[in-house]
Amino acid sequence: MRLSRGFIPTIKETPSEAQIASHRLMLRAGLVRQTSAGIYAWLPLGLRVLRNIERIVREEQNAAGAHEVLMPTIQPAELWKESGRYDDYGKEMLRITDRHEREMLYGPTNEEMITDLFRQCVKSYRDLPLNLYHIQWKFRDEVRPRFGVMRGREFLMKDAYSFDVDHAGAVRSYRTMMLAYMRTFQRMGLKAIPMVADTGPIGGDLSHEFIILAPTGESQVYYDAAFESVDYLAGGFRHESDEDLERFFTDITSRYAATEEMHSAEKWAAVPATSQREGRGIEVGHIFYFGTKYTKAMNAAVAGADGKMFHPEMGSYGIGVSRLVGAVIEASHDDAGIVWPDAIAPFKAAILNLKNGDAACDAICEDLYARFGGEALYDDRSDRAGVKFNDADLMGHPWQIVVGPRGAATGKVELKRRATGERVELSVDEAFAKVAG
RNA sequence: CGGGGCGUGGCGCAGCCUGGUAGCGCGCCUGUUUUGGGUACAGGAGGUCGUGGGUUCGAGUCCCGCCGCCCCGACCA
């Protein structure tokens, strides 16, 4: 994208409503604009990040054997009356009445709808296990939306639902998802720590929340430093292998990690002092096993091997996709702006033309821009260098390729790594290779 | 939902107490200038002062209602 022709409305001054860093930076860098309390429009830069996160989530869900579907945002109230949650959910649920006076709602989650879909289509144990997911907008009418997209009312969420013949199968599905989650977060450049969680209004007895560390996190967390060094991508864990899943799960649950509410001083004391870590965390994912809660309530039964009908065991697995955008920024920014992890950055690099109109500068920039094929943001505006440096830092591109008249004369550019501030002078080819590779 | 605060040009704010026909900085447009960390000068555009009503000769300013947004707390992907 050429900045001069793009739509990235950055702002110099901090909007007064933004209290925390991610919210402030998302507004300033032109990622989102608020439409009403807790509801945001996503602008090109923010949307690219959202799509990148979505892509990684999707790839890992597919790799774990889940199938993508897309369920509607608007749901009929009848399904929720069947499960009993229509009355339980309270004012968080946005209720809508259509022209025929039918009661509808904007879905805050999809257990009822997926169970309905399941019972319509699945009739036999032979079709199990089954894991279906979708990435769809949800709405929860929070009393008090805040922190920008991290605690909005409308949010994009990946939610998966597993169906298994028995408890053992459900546990396997649960572990598979847990592994997929660790990989997903690792690919995004995040250190996520699974913590035993309260099961909350969804119910059940096996549940973990995935917390990423950031100074402004909403909850206090305690964990074993051993979590920080495990590599789930290269760790040799295969989804298809029960042994691997067992090893993975045992490994991960043997280490201590808990939020304040679930913290146990006794167990904490058992963690070696040198490995004790505490900090603030942001919840970016949550997984639950809840058995036959919905299959029973909604009578979703399939035939077993013995010909008798039974209610499959379920679990649900959520990742806050839009929340992650804010959470990543909370975990990765400095005074100058955002510092995107490479995997989810909106662009691989920004090309800064320090002297727009200079033949050598223009030629190098155009060449680089073409080579990146849309993966670079070209700052071709006729502003001063300082403006470009500041905007590039604010937007947080992992690399900045600085093309100025000084170096351009000899075919050199300056490559700056946003995260470290390190700058090196390189040839155009070297710079391109370093960023693209 | 309890407590508090704020709505004045795109953004940040002053003006309100003590009514007299709207101002500052940034941004935006034009020109000149400048060109490696938010350049300088000159000119210019842009405002139903959230909204409805009331008081008054006169309301951004005073009074009442409503709406919106933000902050603290309780609650939550």
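Side chains included, hydrogens not; waters and symmetry mates left out as well; all remaining heavy atoms used. Chain naming here is simple, since letters A, B, ... match the order of the sequence lines and numbering starts at 1 in each.
- A:R48 forms a cation-pi arrangement with A:F347, by the criterion of a distance under 6.0 Å to the ring centre and an angle within 45° of the ring axis.
- Dashed line: the shortest gap from a side-chain N or O of A:K91 to OP1 or OP2 of B:C1 is under 4.0 Å.
- Under 4.0 angstrom from either OP1 or OP2 of B:C11 there lies no side-chain N or O belonging to A:K12.
- When heavy atoms are screened at a 4.0 angstrom cut-off, A:T14 is found touching the sugar-phosphate backbone but no base atom.
- A:L354 comes within contact range of at least one nucleobase, with a heavy-atom separation under 4.0 Å.
- Proximity of a side-chain donor or acceptor of A:S207 to a complementary backbone N or O of A:F288 within less than 3.5 Å is not detected.
- Pair assignment for B:C28 gives B:G44, based on Watson-Crick or G-U wobble hydrogen-bonding distances that are each under 3.5 Å.
- Among the atoms of the strands shown, only primed sugar atoms or phosphate atoms (P, OP1, OP2) are found under 4.0 Å from some heavy atom of A:E17.
- Here B:U61 sits opposite no nucleotide as a Watson-Crick or G-U wobble pair (both hydrogen-bonding atom distances under 3.5 Å).
- The distance from the CG atom of A:D383 to the CG atom of A:D391 is 8.0 Å, given to the nearest 0.5 Å.
- A:H208 and A:F249 have perpendicular rings, their planes meeting at more than 60° on a 0 to 90° scale where under 30° would count as parallel.
- A:Q19 comes within 4.0 angstrom of the backbone, heavy atoms only, and of no base.
- Protein atom NZ of A:K138 is 19 Å distant from nucleotide atom P of B:C76, rounded to whole Å.
- Within the cation-pi definition used here (under 6.0 Å to the ring centroid, within 45° of the axis), A:R371 qualifies as a partner of A:F432.
- An OP1 or OP2 oxygen of B:C75 is reached within less than 4.0 angstrom by no side-chain nitrogen or oxygen of A:R144.
- B:G36 has no stacking from A:F389 on its base ring, since the centres under 5.5 angstrom apart and planes within 30 degrees of parallel are not both found.
- Within the shown strands, B:C67 is the pairing partner of B:G7 under the Watson-Crick or G-U definition, both distances less than 3.5 Å.
- Across all their heavy atoms, A:L70 and A:H134 have their closest contact at CA-CB, 3.9 Å.
- Between A:K388 atom NZ and B:U39 atom C1' the separation is 14 Å, expressed in whole Å.
- Within 4.0 Å (heavy atoms only), A:E283 reaches sugar-phosphate atoms of the nucleic acid but no base atom.
- B:C49 and B:G9 have their C1' atoms separated by 10 Å, with the value rounded to a whole Å.
- Under the Watson-Crick or G-U wobble criterion, with both distances below 3.5 Å, B:A77 is left unpaired in every strand shown.
- Nearest-nucleotide positions on RNA chain B for A:F147 and A:V143 put A:V143 closer to the 5' end.
- Minimum heavy-atom separation, A:E111 to A:T109: OE1-OG1, 2.7 Å.
- Across all strands shown, B:G36 forms no Watson-Crick or G-U wobble pair with both key distances under 3.5 Å.
- Listed by residue number, A:R28, A:Q34, A:S36, A:A37 are the residues of residues 24-40 of chain A with a heavy-atom contact under 4.0 Å to RNA chain B.
- For A:R183 and A:Y232, the positive end is not near the middle of the six-membered ring at less than 6.0 Å and at most 45° from its axis.
- Residue A:G318 is classed as having no contact, given no heavy-atom separation below 4.0 Å to the nucleic acid.
- Of the nucleotides present, none pairs with B:A22 by Watson-Crick or G-U wobble criteria with both distances under 3.5 Å.
- Residue A:G152 is classed as a base contact, given a heavy-atom separation below 4.0 Å to a base.
- Contact between A:A226 and A:S229 at its shortest, heavy atoms only, is O-OG, 3.1 Å.
- The 5' end of RNA chain B is approached more closely, in terms of each residue's nearest nucleotide, by A:V402 than by the other of A:V402 and A:V284.
- Using a 30° and 60° split on the angle between ring planes, A:F185 and A:F210 fall in the tilted class, from 30° to 60°.
- Within residues 409-422 of chain A, the residues that have a heavy atom under 4.0 Å from RNA chain B are, in order of number, A:E414, A:K416.
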If you look only at distance, which donor and acceptor atoms sit under 3.5 Å apart when one is on a side chain in residues 398-411 of chain A and the other is two or more places apart or in another chain?
from	atom 1	to	atom 2	distance (Å)
A:Q400	NE2	A:D393	OD1	2.7
A:T410	OG1	A:G407	O	3.1

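- The phosphate of B:G36 (OP1 or OP2) has no side-chain N or O of A:R406 nearer than 4.0 angstrom.
- Between A:I11 atom CD1 and B:C26 atom P there is a gap of 17 Å when expressed in whole angstrom units.
- If you take atom P in B:G46 and the same atom in B:G3, they sit 45 Å apart, rounded to whole Å.
- Straight-line distance between the C1' atoms of B:C72 and B:C11: roughly 26 Å, to the nearest whole Å.
- In this structure, A:D393 reaches the bases: a heavy-atom distance under 4.0 Å links it to at least one base atom across the strands shown.
- The residue A:N356 sits apart from the nucleic acid: no heavy atom pair falls under 4.0 Å.
- In a base pair of the Watson-Crick type (N1 to N3 plus N6-O4 or O6-N4) or a G-U wobble (N1-O2 and O6-N3), with each distance short of 3.5 Å, B:G2 is matched with B:C72.
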